Amino acid sequence: MSDATATTREPQPDGEQECPQCQAKMPVYTGYITWCENCGWNLRLEESDPPNNRFEAIYASINQRLSTGLFNKLLKAHSLKPTLTWSKIIAYTIAGLVHGLTLVLVVLGLWLALFSWPYLILTAIGLLMLGAAWLLAPKPPKLPKESEIVSRDDFPALYALVDKVAEGLNAPRIDAIVVYEGYNAAFGQFGWKRKKVLFVGLPLFSVLNSQEKVGIIAHELAHSINGDPTRGFFIGTAVNSLVTWYGILYPDSVTPDAEGYGALGGGCVMPANLIMRGLAWPIVGLVHALANLLWRDSQRAEYMADVLAAGVAGTVGQVSSLEKFQFRHSFEMAAQRASTYFKGENLFYELRERVRIAPRREQERIRRVAKLPTLDIVTTHPPTAYRIEMLHTHPVTSPKVIITEEESEQIDKELATLEPEMQERIVQAYEESFY
């Protein structure tokens, strides 16, 4: 989409509604959230489930206080670079023990399989250990399918921009780009060679101007150099091993749900399943322990990725890109309309228009939402308002990468070829969730 900034006329409300909470009059704009400026009713549609009990409510409150404390600490810090902490040492120790258990299974399994003859039971136990070790062995995530990756030959302008951003960050060049249907962006490393893949959500990218494109790409690529341990191979594969253990041990049901057990068999299955569940719960505890131990490092890494990205895109572009994330609801509304009422309309055109002509009231709602605490029990992302304030404390007025309007439009033309396919996927997903 063009960066031309022709004056957009402020849209008029389509009607009025009374706030059910304080009875104040609220203007209604079709396609946007109706909310009360007086009491804050419906200011934010919940994106996560609220706490289910008092314990979770206390935990969420503690998480918010810790998030605020970390923000205030980093705001005064001279550097956002990672440091060695006790929580990180403990997390790596836990991950080392998980991998060590896998190694023990390999060694003991080989010994039993090779040297326990003629004791067949011990040989069988050894083979079972080797099988378990194979399941638990560190395995990097697989590369996306070739059909999901957009090629350099077909998307030269997009790859050129990503390469330019990587150079501005002093980060390794990426190996592939996947364009998908989500209102988001991501970065990941795959395979034993740790191939670097950038994931570009076409709905989000379609509403960005040139420097916002730079900002989104730079933030994701910064995750390859910001020292986030949760994205590293050692911790990540340990978590995967724990999840595999949990899947093996945790039975779907305590009571036998298959026929043929008989009274005696059914009576044996239930205690066995209870024991298996009891063994599985400590594994869940270890996963949660790792998440909590590395929580501060994860949030710090997000701040650092923002600051690194601002050095490439400029503070204005980076802040603006964060604000565009808040239009996720506009995307969901456009997708719902396209799947239910207007199947012949261009979803991406409607989304761009919703963002372009968003009334000041919607922009104010987004600013207020950005200042609200997250409701997630555990989240690796700090509140958007904190991220924006952190960026303003490290202002960059001369970005390293500036793309022209022509370059931005060329990228848009390349991506526009994917819009029909993406719209079909989005509409299908919404239809399936509706029915």
Side-chain angles (χ1 to χ4, degrees), residues 59-95 165-166 168-172 185-187 211 214-232 234-236 289-323 325-326 367 369-374 376-401:
Y59 196 94
S61 175
I62 293 172
N63 179 62
Q64 177 57 28
R65 289 200 298 272
L66 290 173
S67 183
T68 301
L70 177 64
F71 166 71
N72 290 329
K73 180 181 178 180
L74 293 178
L75 205 60
K76 301 172 185 176
H78 296 294
S79 173
L80 297 177
K81 291 182 179 180
T83 58
L84 187 64
T85 60
W86 278 110
S87 62
K88 193 182 294 186
I89 292 172
I90 295 170
Y92 274 96
T93 301
I94 292 174
V165 170
L169 285 168
N170 292 321
F187 170 83
Q211 288 310 111
V214 176
I216 292 293
I217 293 170
H219 174 88
E220 297 306 331
L221 297 191
H223 280 298
S224 66
I225 59 172
N226 67 350
D228 185 355
T230 61
R231 294 174 181 264
F234 193 75
I235 295 285
L290 283 172
N292 282 276
L293 286 167
L294 296 172
W295 172 87
R296 292 173 65 88
D297 293 280
S298 296
Q299 290 217 343
R300 180 208 53 78
E302 289 297 330
Y303 286 124
M304 188 171 179
D306 284 337
V307 171
L308 290 171
V312 175
T315 299
V316 172
Q318 188 61 25
V319 168
S320 182
S321 70
L322 286 176
E323 291 173 343
F325 268 106
Q326 307 305 314
R367 280 190 288 270
V369 168
K371 296 177 181 179
L372 294 176
T374 178
D376 290 339
I377 303 300
V378 177
T379 178
T380 58
H381 285 68
T384 303
Y386 289 176
R387 296 173 66 183
I388 290 174
E389 188 170 345
M390 185 69 71
L391 285 168
H392 285 311
T393 63
H394 301 81
V396 177
T397 55
S398 301
K400 293 180 182 178
V401 176

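Quick caveat: nothing in here was measured; it's all calculated off a predicted structure. Residues take their numbers from the sequence shown, with the count starting at 1.
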Review point. Is it true that a side-chain atom of Lys88 and a backbone atom of Thr83 form a donor plus acceptor pair closer than 3.5 Å?
Key: yes
Review point. Considering only heavy atoms from C-beta outward, does the side chain of Leu293 approach that of Ile94 to under 4.5 Å?
Key: yes
Practice item. Show your working on side chain to side chain contact (heavy atoms under 4.5 Å, CB included) between Ile225 and Asn170 and close with a plain yes or no. Key: CA-CA 9 Å; Ile225 59 172; Asn170 292 321; 5.8 Å; no
**Study point:** Member of Leu391, Thr315, Val316, Val307 meeting the side-chain contact (heavy atoms from CB on, under 4.5 Å) criterion with Val396
**Key:** Thr315
Review point. Could you go step by step and tell me if His223 and Glu302 meet the side chain to side chain contact (heavy atoms under 4.5 Å, CB included) rule?
Key: CA-CA 8 Å; His223 280 298; Glu302 289 297 330; 3.1 Å; yes
Point to revise | Heavy-atom closest pair, residues Asp306 and His219 | key: OD1-ND1, 2.8 Å
Point to revise | Pairwise side-chain contact, His392 with Val319, heavy-atom cut-off 4.5 Å (strictly under) | key: yes
Review point. Looking at side-chain heavy atoms only, is the closest gap between Pro229 and Phe234 below 4.5 Å?
Key: no
Exercise for review: Working to the nearest 0.5 Å, report the span between CD1 of Ile216 and CG of Leu322.
Suggested key: 7.0 Å
Practice item. Enter the distance from Asn226:CG to Phe187:CZ here, rounded to the nearest 0.5 Å. Key: 9.5 Å
Review point. Are the side chains of Pro399 and Gln318 in touch, meaning some heavy atoms are under 4.5 Å apart?
Key: no
Exercise for review: Would you name the heavy atoms of Leu80 and Arg300 that are closest together and state the gap between them?
Suggested key: O-NH1, 2.8 Å
Practice item. Output the distance between atom CE (Met390) and atom CE (Met304), rounded to the nearest 0.5 Å. Key: 12.0 Å
Check your understanding: Can Thr230 and Asp297 be said to form a side chain to side chain contact (heavy atoms under 4.5 Å, CB included), step by step?
Key -> CA-CA 8 Å; Thr230 61; Asp297 293 280; over 6 Å; no
Point to revise | Gap between atom CD of Glu323 and atom CZ of Arg367 - 0.5 Å precision | key: 7.5 Å
Review point. If you measure from CD1 on Ile388 to OG1 on Thr393, what distance do you get to the nearest 0.5 Å?
Key: 12.5 Å
Check your understanding: What's the shortest heavy-atom distance between Ala186 and Glu220, and which atoms?
Key -> CA-OE1, 3.3 Å
Practice item. Report yes or no: does Arg231 contribute a side-chain atom to a donor-acceptor pair with the main-chain N or O of Ser224 at less than 3.5 Å? Key: no
Study note, to complete from the structure: For Leu169 and Ala218, the nearest pair of non-hydrogen atoms, with its separation, is CD1-O, 3.5 Å
Point to revise | Donor-acceptor contact present, side-chain Ser87 to main-chain Leu294, <3.5 Å | key: no
Practice item. List the steps, then state whether side chain to side chain contact (heavy atoms under 4.5 Å, CB included) holds for Tyr386 with Thr68. Key: CA-CA 8 Å; Tyr386 289 176; Thr68 301; 2.7 Å; yes
Practice item. Report the distance from atom CG of Leu308 to atom OH of Tyr303, rounding to the nearest 0.5 Å. Key: 15.0 Å
Review point. Checking Gln211 side chain against Val401 main chain: does a donor-acceptor pair fall under 3.5 Å?
Key: yes
**Study point:** Arg296 vs Thr85 side-chain heavy atoms within contact, under 4.5 Å
**Key:** no
Revision key, fill the gap. All heavy atoms of Ala95 vs all of Ile235, minimum pair found to be CB-CD1, 3.9 Å
